[in-house]
Amino acid sequence: MDRLVYLDHAATTSARPEVVDAMMPYFTKEFGNPSSIYSFASKNKDVVEHSRGIIANALGADKEEIYFTGSGSEADNWALIASAEAYGDKGRHIITSKIEHHAILNTCKYLEQKGYEITYLNVDEKGLVNLEELESAIRCDTILVSIMFANNEIGTIEPVAEIGRIAHAHGTLFHTDAVQAFGQVPINVQEMNIDMLSASGHKFNGPKGTGFLYMKKGLLLKSFIHGGHQERGMRAGTENVSGIAGIGKAAEIAVATMDERIKKETMLRDYLINRLMKEIPYIRVNGHESKRLPNNVNVSFQFADGESILIMLDIAGICASSGSACTAGSSAPSHVLTAIGLPYEIARSAIRMTLGYENTKEEMDYTADNIKQIIENLRNMSPLYQEFMQPVEKHFQS
Ligand SMILES: *Cc1c(COP(=O)(O)O)cnc(C)c1O
């Protein structure tokens, strides 16, 4: 069986052919360094600025507010650590949520070691941050609120504009990790009260090892990588010109095709969810029914182990995930599924399938057919399930 059904677009995506085409010249013919003075290098400078303009446009931001980075993780680290350093005089308290990506959570841990205090907000059973809890957590020494735009495991879209409004009402900055949201759903940093935003190229059909940080004009954040004066002195290191050409092209296509992709992915997502719900008993869809990324399916199958489901899906050529890629391989249930209150066994039985522009309805059918068979097989091997299925009287027999 050499069929491949890729349903792990939250982990990474393929670079679109147009993206690769846009990148290629800068590896070979147009290899100049954007910092060089001669005209041979001017095309390199131009393409970096062209990509910056596309991304700024996509966000309703100014070009001068976009800084290229080497990943989404770097943008997250930069936003948090540089805010902590720039505003440490005002206070040393930061608010985030329990369901953030590890690029945020582990950076917060690092800042805790440096003497900062972090409040990790709870989320409800759908994965939403509670706005009243947020408001009452803000103190006079709170310098930053960092809440993700959309969750990478369960796809829940947070009330970002409201979070930003509350942060600003209390004189606090607002950063959002929009790595899962950029290119998937419309974002306007002004309307949504966003001061800083992180994104990553390889999550929206751009190249790996690219990302950017939007940083509103006037913020006091300093450079994160020290060295040359690239990115207006804010991020040293010779620009990844081909990567920046690629992330710009990917952003351009993501914006141009967004409406059509949202429609198609939502249709496929709901088709797959409905088939699973109709045909397999004792399952639970994790996340929010409507405030959800168009491409996210996260389902728990009671009496079946998530890792075992993934292995059997892999045999059928289907790529899915049990949580975030960063926690794959460890047997602890995901911190996100724990935060939405799932009991250990239900969290352990969850799988995530995330769709992309290439997926088809036929693939959803193939996937649903396989999952149905796999769950049946696993449950037949499960002593817990066998016991659960015994007629009630039998429980009372000795
Ligand atoms: C993938 C991801 C990141 C990390 O981005 P990289 O470019 O892979 O470093 C950060 N946050 C979220 C929500 C993600 O999904």
Side-chain angles (χ1 to χ4, degrees), residues 6-15 19 55 66-81 96-110 120-121 123 127-129 146-158 160 163 175-185 187 194 196-214 224-225 235 237 240 243-244 246-248 250-251 254 287-288 291-298 319-328 334-337 339-340 352-356:
Y6 185 78
L7 299 179
D8 204 13
H9 291 82
T12 197
T13 61
S14 67
V19 168
I55 288 166
I66 305 299
Y67 299 91
F68 290 111
T69 64
S71 64
S73 298
E74 183 191 328
D76 281 342
N77 273 256
W78 186 7
L80 266 58
I81 295 172
T96 186
S97 82
K98 288 188 177 162
I99 62 165
E100 299 296 313
H101 189 272
H102 284 107
I104 295 290
L105 290 178
N106 286 340
T107 305
C108 286
K109 282 214 188 92
Y110 167 81
Y120 300 89
L121 295 178
V123 293
L128 288 174
V129 161
S146 179
I147 304 286
M148 67 202 320
F149 201 111
N151 183 266
N152 46 304
E153 290 190 40
I154 55 176
T156 300
I157 299 173
E158 299 296 337
V160 171
I163 294 169
H175 165 259
T176 187
D177 174 343
V179 172
Q180 289 294 333
F182 183 85
Q184 306 288 340
V185 292
I187 303 179
I194 298 167
M196 287 165 270
L197 176 147
S198 312
S200 169
H202 75 102
K203 301 288 177 79
F204 58 94
N205 299 106
K208 292 174 182 58
T210 64
F212 66 84
L213 179 65
Y214 155 78
F224 193 53
I225 307 287
R235 203 272 188 178
N240 176 5
I244 291 171
I247 193 175
H288 200 284
K291 292 169 186 158
R292 185 181 199 98
L293 286 174
N295 74 340
N296 177 289
V297 178
N298 189 309
C319 305
S321 157
S322 65
S324 64
C326 318
T327 51
S334 113
H335 66 286
V336 176
L337 299 178
I340 62 170
R352 176 189 77 179
M353 292 167 281
T354 42
L355 317 181

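Being a predicted model, the structure only gives us computed values, none of them experimental. Values below: every heavy atom of this structure, side chains too, minus hydrogens, waters and symmetry copies. Just follow the structure's listing: the first ligand is 1, and inside any ligand the first atom is 1.
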### Task
Please list, chain by chain and in numerical order, all residues satisfying side-chain hydrogen bond (donor to acceptor under 3.5 Å, both in side chains) with T13, sequence neighbours excluded.
none
## Note on the structure
Test side-chain hydrogen bond (donor to acceptor under 3.5 Å, both in side chains), reference S198, set T69, T176, D76, output is D76
### Summary
Across all chains, not counting sequence neighbours, the ring pair (Phe, Tyr, Trp, His ring centres under 6.0 Å) partners of F182 are F204, F212
### Message
If the criterion is any heavy atom closer than 4.0 Å to an atom of ligand 1, which residues make the list?
### Response
S71, G72, S73, D76, H101, M148, N152, D177, V179, Q180, S200, H202, K203
### Message
Could you measure the distance from the CD atom of E100 to the CG atom of N152? Nearest 0.5 Å is fine.
### Response
9.0 Å
### Summary
Taken to the nearest 0.5 Å, the spacing of L213 CG from N77 CG works out to 11.0 Å
### Task
With sequence neighbours excluded, tell me which residues meet side-chain hydrogen bond (donor to acceptor under 3.5 Å, both in side chains) with N151.
none
